[in-house]
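The structure appears below as structure tokens.
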Amino acid sequence: MRKDSARDAVVQEARELLVAMEAALLQIEMEGPGKDTVNAIFRAAHTIKGSAGLFAFDSIVQFTHLVEHVLDKVRNDELPLNDQLMSLLLECGDYIGELVDAIERREEDQEPDLARRQALEAKLDALSRDAGPAPSQAPEAAAAPQPQPQPQPVAETAQASGPAFATDDALASNPYWHLSLQFSDDVMRDGLDPISFLHYLRTLGRIVAIMPVLEHMPDAAAMDPESCYIGFEICLASDSSKETLEGVFEFVREDSRIDILPPHSPLSDYAALLARLGEAEAGRLGRMWHQHGALNQDDWRGMAADAAHDAVAMPSLEEVPLPAAGPVDASLGGARSRGLEDRRAQEQKFIKIEVSKLDQLIDLVGELVIAGASARLVARRRKDSQFEEATQAIDALMEQIRDAALTLRMVQINEVFQRFPRVVRDFARDMNKEIELVMTGSETELDKSMIERIADPLMHIVRNAIDHGIEPADERIAAGKEPKATLRLNATHESGSVVVEVMDDGRGMDRDRILATAISRGLTTADADLTDAEIYRFVFEPGFSTARQITELSGRGVGMDVVKRNVDALHGEIAIDTVRGRGTIVRVRLPLTLAIISGFQVVVGNAVFVIPLDMVVECIDMPTQQHEHNIISVRDEPLPFVYLRELFELPARERGRKSLVIVQYGHQRAGLLVDGLLGECQAVIKPLGRLFGKVKGLSGSTILGDGRVALILDIPHLVQYTQYQEQCNPMAQAERGVASTQ
């Protein structure tokens, strides 16, 4: 693979493994070390090193090798996994993440923080020395290699070890590692290049000799261009351990045949390896060993004598011609053909797709929805029943295509939640607080674009909860609470939206202090009659802070205003519910997607508006009597409503009876007074642009079937607007029962 084409795959896989590695470390901290968990951490580090090594990202390889060595000591019970080592491994994971970021920026040749790397390597090296010998990295970076034994004359070997070839315990004179590799047919389909493994071996030592094995190569007509038929026999001079060399092939070991013979292995091992090869290939391998001093003539004769004793044919060291091109064994071709059919019958269940391709698909589906609306309008005007039936069938299919396309972009919110165990751990330690993090609803799905943009607001909320909300252990004990606080993250679907809650059982918010700060900053007056919800909303004002002292986490008045701004940009809502001394809940409500929605069209004046369908409760006829304070009673329940015509200053439309569309957002309901109802539609959300982007009450626009532009109403804002009108009008509260519908 070219490095450019492999870069994204390496980065994505490394980040996923780092998340898994961090989660496993935090699990150990909570539940104690377990063999399976430690092995999972080791495998994650080893896989990161292997992937980076395949594409020569040496900076990650060398650093991760040290981490892997320390983890290997932990696996072998040579190092205790104490709190100090846990913190070091988490720091190392963070630094590997920085190296991965450098790869993504195509800056892999630049060290992001050399001083930090040297400090971490010094700590890892100290742990390795305390537990055992230091690991070997690439030959030039490792300690001086041990001198390798040189081949000795047969007479000396026999004198030192007894009979040279009489038993399996007699060692050969070969001073090199021998690797016999036969990759699986599917290795290239799995995205791996066999040659990359050979390049990586060069970082662990010197390849003395290499011989391709071609005995399974079919003729050109029977070849599958995506299959790997070639094998390799390799002599390698290296001071690496067998575990290190085996680790090189961890990705392919399951389906491939990988045999590794250490230097000076018993002659019977070499003979068994030759016996698996055909006569021609075995002869070539023997000549390669002999030529490079791996096995001398007497070694070969000894193996031949043992083979003759066991009635096994051994090739001679004479020149053996290469196999001539010709017909391949029918059984071999048939087996390969059957194997190919079996593989095609078992297609992969998951594939990775670039986000840009999904975005393009969503855009095309949106254009298809607009074109379908246009065709439906033409069908209605022509009053052609067959045409209308055809458009209705197309509409049903388009709706299914739309839902399927949007589902492709839906990801679990766990992608955000999984960042917080580490965050809570580190912040709690820095502030000397005991906090247990409980996460529920992590399987709740949200559009990927929303996931990426909600992470930072949630981070600010969690930091504020840790700093301002949760008390130190001594204060909690004095207040009659458990010394360990509980911080909860919860996500759930509700009324076509996703609600994310951050809950703590801390001290709660101080209403009086918030109000005093707001008065001192001129945000309100002392005689203003404000509800608790309005007072708590002041914390989202820019620069607002009630902290008595500034900490590393918060207290500068920066953060919650950013949260509010980001949530507003996602057409969401944020609310605070707090009880003094018992805790606080910060609730963020977000739409499921920002691409295509099911809408309900209404007419106001000469304009068409779209209301998100999942927020529409019902539609009723509006009574003809006047309603001075915009309050109507629906089934003996007071309901505030808003005249959309007056709100948007549209011309009056006298004829016809007006309708009231009752909408709900969260637990609040309100009515929207409109001139007419047009029915359901599929709305492709288009941004309003800079000129109208900050207009209150509008969240976007869409294109109708006749080419006109319809505005999409911002229901959360309109519901809040009606509630605010009701709260600000005491006369309205006293006269809620003025109007009634039957």
Side-chain angles (χ1 to χ4, degrees), residues 8-34 36-45 47-48 51 64 67 71 86-87 89-101 104 350 352 355 409-430 435-466 485-493 498-504 553 563 566 570 586 588 590 592:
D8 292 341
V10 172
V11 169
Q12 181 178 356
E13 182 187 41
R15 285 176 174 163
E16 293 173 355
L17 290 168
L18 285 173
V19 170
M21 181 176 171
E22 182 176 287
L25 285 168
L26 295 176
Q27 180 182 349
I28 288 176
E29 191 171 56
M30 292 186 294
E31 303 175 1
D36 292 341
T37 312
V38 173
N39 287 335
I41 299 170
F42 177 85
R43 285 194 301 270
T47 305
I48 292 172
S51 298
T64 311
V67 177
L71 289 170
M86 287 281 296
S87 298
L89 291 175
L90 288 170
E91 289 183 42
C92 291
D94 292 341
Y95 188 73
I96 294 173
E98 293 184 16
L99 295 175
V100 172
D101 293 341
E104 185 178 36
F350 299 96
K352 294 182 179 180
V355 176
R409 285 185 55 90
M410 303 296 281
V411 296
Q412 292 186 352
I413 202 170
N414 183 55
E415 188 172 313
V416 175
F417 279 10
Q418 64 189 3
R419 309 178 188 184
F420 289 101
R422 172 72 183 284
V423 171
V424 172
R425 172 194 182 272
D426 291 346
F427 287 168
R429 285 173 175 246
D430 292 342
I435 302 176
E436 178 185 3
L437 177 64
V438 179
M439 298 185 296
T440 55
S442 57
E443 70 282 354
T444 303
E445 291 187 332
L446 195 61
D447 189 279
K448 183 173 178 59
S449 62
M450 308 283 284
I451 289 286
E452 296 169 349
R453 297 163 65 180
I454 194 60
D456 286 343
L458 287 181
M459 184 68 70
H460 283 297
I461 296 172
V462 168
R463 291 171 61 170
N464 274 319
I466 296 174
T486 301
L487 180 65
R488 298 180 183 274
L489 286 177
N490 178 59
T492 184
H493 287 288
V498 170
V499 179
V500 183
E501 297 173 319
V502 180
M503 301 173 279
D504 67 76
L553 292 186
V563 171
N566 289 347
L570 294 173
V586 179
V588 179
L590 300 169
L592 284 176

I435/D504 under side chain to side chain contact (heavy atoms under 4.5 Å, CB included): CA gap, chis, key distance, verdict: CA-CA 10 Å; I435 302 176; D504 67 76; over 6 Å; no

Taking every non-hydrogen atom, the tightest pair across [X] and [Y]:
{"X": "I48", "Y": "A14", "result": "CD1-O, 4.0 Å"}
{"X": "V462", "Y": "F420", "result": "CG2-CE2, 3.7 Å"}
{"X": "N490", "Y": "G441", "result": "OD1-N, 4.3 Å"}
{"X": "A491", "Y": "I413", "result": "CB-CG2, 3.9 Å"}
{"X": "P457", "Y": "N566", "result": "CG-CB, 3.6 Å"}
{"X": "Q412", "Y": "S442", "result": "CB-O, 3.6 Å"}

Rounded at 0.5 Å granularity, tell me how far [atom1] in [X] sits from [atom2] in [Y].
{"X": "R422", "Y": "L437", "atom1": "CZ", "atom2": "CG", "result": "14.0 Å"}
{"X": "L489", "Y": "N414", "atom1": "CG", "atom2": "CG", "result": "11.0 Å"}
{"X": "L590", "Y": "M450", "atom1": "CG", "atom2": "CE", "result": "4.5 Å"}
{"X": "M86", "Y": "L26", "atom1": "CE", "atom2": "CG", "result": "6.5 Å"}
{"X": "D426", "Y": "S87", "atom1": "CG", "atom2": "OG", "result": "7.5 Å"}
{"X": "I454", "Y": "L446", "atom1": "CD1", "atom2": "CG", "result": "8.0 Å"}

Pair E436 + R425: basic N to acidic O under 4.0 Å: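 The answer is no: the pair does not qualify as a salt bridge.
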
Partners passing side chain to side chain contact (heavy atoms under 4.5 Å, CB included) against D456 (at least two apart in sequence or in another chain):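 In terms of side chain to side chain contact (heavy atoms under 4.5 Å, CB included), with neighbours along the sequence ignored, D456 is linked to no residue.
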
Step-by-step side chain to side chain contact (heavy atoms under 4.5 Å, CB included) determination, E22 to L25: CA-CA 5 Å; E22 182 176 287; L25 285 168; 5.6 Å; no

Heavy-atom check, side chain of L487 versus side chain of V438, under 4.5 Å: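 The answer is no, as the side chains (C-beta and beyond) never meet within the 4.5 Å cut-off.
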
Any side-chain heavy-atom pair of V586 and V563 under 4.5 Å: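 V586 vs V563: side chains apart.
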
Residues that E501 engages under salt bridge (Lys or Arg N to Asp or Glu O under 4.0 Å), provided they are two or more places apart: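 Partners of E501 under the salt bridge (Lys or Arg N to Asp or Glu O under 4.0 Å) test: R587.
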
Partner residues of R43 under the salt bridge (Lys or Arg N to Asp or Glu O under 4.0 Å) criterion, sequence neighbours left out: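 Testing R43 for salt bridge (Lys or Arg N to Asp or Glu O under 4.0 Å), a comparison that skips the adjacent residues, returns none.
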
Heavy-atom neighbours of R15 CZ exceed 12 at 6.0 Å: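 Counting neighbours around CZ of R15, more than 12 heavy atoms of other residues, nucleotides or ligands fall under 6.0 Å, so yes.
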
Qualifying residue, where the test is side chain to side chain contact (heavy atoms under 4.5 Å, CB included) with I96 and the options are D101, T64, L17: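 Exactly one candidate clears the test, T64.
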
Test side chain to side chain contact (heavy atoms under 4.5 Å, CB included) applied to V498 and T492, step by step: CA-CA 6 Å; V498 170; T492 184; over 6 Å; no

Intermediate values then yes/no, salt bridge (Lys or Arg N to Asp or Glu O under 4.0 Å), K448 and E415: CA-CA 10 Å; K448 183 173 178 59; E415 188 172 313; 3.7 Å; yes

Under 3.5 Å donor-acceptor, T37 side chain and I28 backbone: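 Not a single qualifying donor-acceptor pair exists.
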
Residues H493, T444; criterion side chain to side chain contact (heavy atoms under 4.5 Å, CB included); working and verdict: CA-CA 7 Å; H493 287 288; T444 303; 3.4 Å; yes

